*Asks:* 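My questions will all concern the structure given below.
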Amino acid sequence: MSHHYSGPNVGFPRGDARLDLTDLYAFPSPADASRLVLIMNVHPSFSLLAPEATMPEPFSADAIYEFKIDTNGDAVADIAYRVRFSAFENGKQTAVLRRVEGAEAAETGDAGRLIEEWPVSMDREALVVEAEDHRFFAGWRSDPFFFDPIGAINDFHFSGKDNFIDKDVCSIVLELPRSALGAKPFGVWARTVDVANGSWIQADRGAKPSQSIFLTGDASADYQASEPAGDSRFIPIFAHSLEHTGGYAPVDAMRLAATLLPDILHFDPALPASYPGNGRALTDDVLDHFLSLLTNGRVKSDGVGPHWDLLAEFPYLGPPHTAAAERFKAYEALHGGSNARKD
């Protein structure tokens, strides 16, 4: 189910929905081929096994939300875009975007050149700001991901019901010139990093859809805390899962697992986006591809398709299904009138 609910027991990393990376997209701007779009979606609006709304506060003020860019193919970041958020007060939050290059891009921290600070979108209106030839958005949007996770849990008996058709996510959308990343093919992944006991701890990371499904228990936690440059050590674990779910012969499972790692989305911005070959567009049916791979062709589709509310212009994702006032009301009712607004 992509990276939704990538924490323990089909939950959220560190028990915090705001840290849950759901999807990463990379595609050329439909309006200008000289520009490219990166989208990181986090914080699903609903949990799965206990179907209830998550908190209305979109992003954690104690976290870093980061795009990592590898420009030379060594699975180590050479450029990073880091987003930090203010404390959530009076129903509002602001975002700060920074860019960092060189050796510091592979590290963790608040370093980086400030690009701009602007408000987070809490409601249907998309608050968009442009600075230094970068266009940026952060806030609640309609979740573009489509899949039937209940059918997947039920031994791949799909009903054709899209669990995400009426759900929202919190999106970070960045549009920038191709030249800002060197105008050559590159690799990209996203991650969330949280503060724990005064230290930065990586909570979630990913690029290719549904990688976390291959991992359980300690292996899952180890994987989420690791960097793509060390992903080769997880190949045997991925291969074992493929043998179990798809009936692959061991040698074939190892060969296929090696194509899934490192967990980096490769993208040539001069070409159309199409997963798994080049980046990922918002309409790519990544889970049909994944199901066929996971089951060795036994299951080819879950019977659901792209959402109808995508936009042709920035920020490309449709407005959220739930208004801010409704989100607060539902959360407060669920939690006995808790101070969800922090006001």
Side-chain angles (χ1 to χ4, degrees), residues 1-4 6 21-27 38-40 67-78 145-147 152 156 181 184-191 202 204-217 219-302:
M1 60 195 78
S2 198
H3 289 279
H4 294 71
S6 52
L21 171 67
T22 69
D23 289 285
L24 175 68
Y25 300 89
F27 54 89
L38 300 177
I39 298 178
M40 176 198 318
F67 293 105
K68 293 279 199 178
I69 313 294
D70 170 25
T71 61
N72 60 12
D74 64 355
V76 176
D78 305 291
F145 181 63
F146 49 99
F147 187 52
F156 304 116
L181 301 183
K184 296 180 180 179
F186 60 86
V188 58
W189 67 99
R191 69 172 187 160
Q202 184 168 278
D204 204 0
R205 58 107 171 184
K208 299 175 182 178
S210 298
Q211 298 284 88
S212 59
I213 290 175
F214 292 109
L215 302 153
T216 59
S220 179
D222 189 15
Y223 180 82
Q224 299 298 354
S226 300
E227 298 286 342
D231 276 353
S232 60
R233 63 194 176 96
F234 296 103
I235 290 176
I237 299 173
F238 275 47
H240 178 76
S241 293
L242 288 167
E243 289 180 50
H244 176 72
T245 58
Y248 288 92
V251 64
D252 294 329
M254 286 289 287
R255 186 183 301 113
L256 180 56
T259 69
L260 299 174
L261 296 167
D263 188 5
I264 296 176
L265 189 65
H266 295 285
F267 179 48
D268 182 347
L271 300 175
S274 180
Y275 188 84
N278 189 52
R280 180 182 175 186
L282 293 169
T283 55
D284 285 343
D285 200 332
V286 296
L287 262 294
D288 276 5
H289 172 268
F290 179 77
L291 286 171
S292 183
L293 179 151
L294 183 68
T295 65
N296 200 4
R298 178 170 62 89
V299 180
K300 294 182 172 61
S301 178
D302 66 333

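Each residue takes its place number in the sequence, starting with 1. Given the structure is predicted, the values throughout are model-derived calculations rather than measurements.
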*Asks:* Output side-chain donor-acceptor pairs under 3.5 Å for residues 247-261, partner residues at least two apart or in another chain, one line each.
*Replies:*
residue, atom, partner, partner atom, Å
Tyr248, OH, Leu293, O, 2.5
Asp252, OD1, Arg255, NH1, 2.8
Thr259, OG1, Leu256, O, 2.6

*Asks:* Taking NZ, NE, NH1 and NH2 as the nitrogens, is one of them in Arg205 or Asp231 under 4.0 Å from a carboxylate oxygen of the other?
*Replies:* yes
*Asks:* Considering only heavy atoms from C-beta outward, does the side chain of Leu38 approach that of Phe27 to under 4.5 Å?
*Replies:* no
*Asks:* Show the nearest heavy-atom pair for residues Ala75 and Trp189, with the distance to one decimal.
*Replies:* O-CH2, 3.8 Å
*Asks:* To the nearest 0.5 Å, what is the distance between CG on Leu24 and CE on Met40?
*Replies:* 7.5 Å
*Asks:* Grab the two heavy atoms, one from Gly206 and one from Leu21, that are nearest each other, plus how far apart they are.
*Replies:* N-CD2, 3.4 Å
*Asks:* Side chains of Tyr275 and Asp285: is there a donor and an acceptor less than 3.5 Å apart?
*Replies:* no
*Asks:* Within the distance-only criterion (no hydrogens, no angle test), does the side chain of Asp302 pair as donor or acceptor with the backbone N or O of Leu287 below 3.5 angstrom?
*Replies:* no
*Asks:* Measure across Ser226 and Gln202 and return the closest heavy-atom pair with its distance rounded to 0.1 Å.
*Replies:* O-NE2, 2.8 Å
*Asks:* Grab the two heavy atoms, one from Gly187 and one from His266, that are nearest each other, plus how far apart they are.
*Replies:* CA-ND1, 4.1 Å
*Asks:* For Glu227 and Val76, indicate whether the former's side chain and the latter's backbone hold a donor-acceptor pair under 3.5 Å.
*Replies:* no
*Asks:* Asp288: which residues meet the side-chain hydrogen bond (donor to acceptor under 3.5 Å, both in side chains) condition with it, sequence neighbours left out?
*Replies:* Ser301
*Asks:* Ignoring hydrogens and geometry, is there a side-chain-to-backbone donor-acceptor pair from Asp263 to Pro228 under 3.5 Å?
*Replies:* no
*Asks:* Going by heavy atoms in the side chains, are Arg280 and Asp23 under 4.5 Å from each other?
*Replies:* yes
*Asks:* Which heavy atom in Phe146 sits nearest to a heavy atom in Asp284, and how many Å separate them?
*Replies:* CZ-O, 3.5 Å
*Asks:* Do the non-hydrogen side-chain atoms of Phe145 and Pro209 ever get within less than 4.5 Å of each other?
*Replies:* no
*Asks:* I'd like to check His289 versus Pro276 (side-chain heavy atoms, cut-off strictly below 4.5 Å). Are they in contact?
*Replies:* yes
*Asks:* Under 4.5 Å between any side-chain heavy atoms of Phe156 and Thr245, yes or no?
*Replies:* no
*Asks:* For Ser274 and Asn278, indicate whether the former's side chain and the latter's backbone hold a donor-acceptor pair under 3.5 Å.
*Replies:* no
*Asks:* Enter the distance from Phe186:CZ to Leu181:CG here, rounded to the nearest 0.5 Å.
*Replies:* 5.0 Å
*Asks:* Under a 4.5 Å cut-off applied to non-hydrogen side-chain atoms, are Phe238 and Gln211 in contact?
*Replies:* yes
*Asks:* Do the side chains of Asp78 and Asn72 get nearer than 4.5 Å, heavy atoms only?
*Replies:* yes
*Asks:* Closest heavy-atom contact between Leu215 and Ile237?
*Replies:* CD2-CG2, 3.7 Å
*Asks:* Between CZ of Phe147 and OG of Ser210, what distance do you get to the nearest 0.5 Å?
*Replies:* 7.0 Å
*Asks:* Which pairs count as salt bridge (Lys or Arg N to Asp or Glu O under 4.0 Å) when at least one residue sits in residues 233-248, sequence neighbours excluded?
*Replies:* Asp222-Arg233
*Asks:* Using a strict cut-off of less than 4.0 Å between a Lys/Arg side-chain nitrogen and an Asp/Glu carboxylate oxygen, indicate whether Asp268 and Lys184 qualify as a salt bridge.
*Replies:* no
*Asks:* So, taking the atom named OH in Tyr223 and the one named CZ in Phe214, what distance separates them when rounded to the nearest 0.5 Å?
*Replies:* 9.5 Å
